Asks: 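Provided herewith is a single structure, encoded as structure tokens, for subsequent inquiry.
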Amino acid sequence: MLFYQTCFGGELNVKFMEKFGVAGSDLSESAMPVVSASLKSPFLTLYGSDMLSELGVIEGTRVSLFVKFEVYEKMKEIVMKLSVPEKCEWNDLASGELITVNDQFGVQWMVICQ
């Protein structure tokens, strides 16, 4: 979520799972599972969690996210931050055109400006 905060800005709130009461646990906060996280920016709210079912992440359960912008320059700024640079070919888009980019975690973002 820290990466997305650098892309979108906004306020990040993260709730970590307690250290399970294990004596002498040396888990740092960054290594503890995230129960819930929210990132609220002026134009977007993202939610996330490390709490998975007992099956964990299953191939095919990946998501694509759709974001609609009203300001072209803001859209371009965000796309350039989200995308893996060597995999993003930026072209000026006409209003209403859709661009898809993958971020460094493999999440596909579909972005449009109208």
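What you are looking at is a predicted structure, and each value in this text was computed from that prediction instead of being measured.
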Asks: Could you check whether atom NZ of Lys81 has more than 12 heavy atoms from other residues, nucleotides or ligands sitting under 6.0 Å from it?
Replies: yes

Asks: Identify whether the distance between the nearest side-chain nitrogen and carboxylate oxygen of Glu77 and Lys74 falls below 4.0 Å.
Replies: yes

Asks: What is the distance from atom NZ of Lys40 to atom CG of Asn13, rounded to the nearest 0.5 Å?
Replies: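 Rounded to the nearest 0.5 Å, the NZ-CG separation comes out at 7.5 Å.
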
Asks: Do the non-hydrogen side-chain atoms of Val111 and Phe66 ever get within less than 4.5 Å of each other?
Replies: no

Asks: Looking at NZ of Lys76 and CD1 of Ile99, how far apart are the two atoms once the value is rounded to the nearest 0.5 Å?
Replies: 10.0 Å

Asks: If you take all heavy atoms of Gly9 and Ser41, which pair is closest and at what distance?
Replies: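 What the structure gives for the nearest pair is O-CB, 3.7 Å.
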
Asks: To the nearest 0.5 Å, what is the distance between CD on Gln5 and CD on Glu11?
Replies: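 Gln5 atom CD to Glu11 atom CD measures 9.0 Å (nearest 0.5 Å).
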
Asks: Do Met80 and Ile78 make a side-chain contact, defined as non-hydrogen atoms from C-beta onward lying under 4.5 Å apart?
Replies: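 Side chain of Met80 against side chain of Ile78, heavy atoms only: no contact under 4.5 Å found.
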
Asks: Cluster question for you: counting only ILVMFWY and a side-chain heavy-atom cut-off of under 4.5 Å, with indirect links fine, are Leu44 and Phe105 together?
Replies: yes

Asks: At their closest point, which heavy atom of Ala37 faces which heavy atom of Val14, and how far apart are they?
Replies: CB-CG2, 4.1 Å

Asks: How about Phe8 and Trp109: are their ring centroids closer than 6.0 Å?
Replies: yes

Asks: Which atom pair, heavy atoms only, marks the closest approach of Tyr4 to Val107?
Replies: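 Here Tyr4 and Val107 meet closest at OH-CG2, 3.8 Å.
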
Asks: Would you indicate whether the side-chain heavy atoms of Met1 and Leu46 approach each other to under 4.5 Å?
Replies: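 Leu46 vs Met1: side chains touch.
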
Asks: Hey, is the main chain of Met110 close enough, under 3.5 Å, to the side chain of Thr100 for a donor-acceptor pair?
Replies: no

Asks: Starting from Leu39, can I reach Leu2 by hopping between I/L/V/M/F/W/Y residues whose side chains sit under 4.5 Å apart?
Replies: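 Same hydrophobic cluster.
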
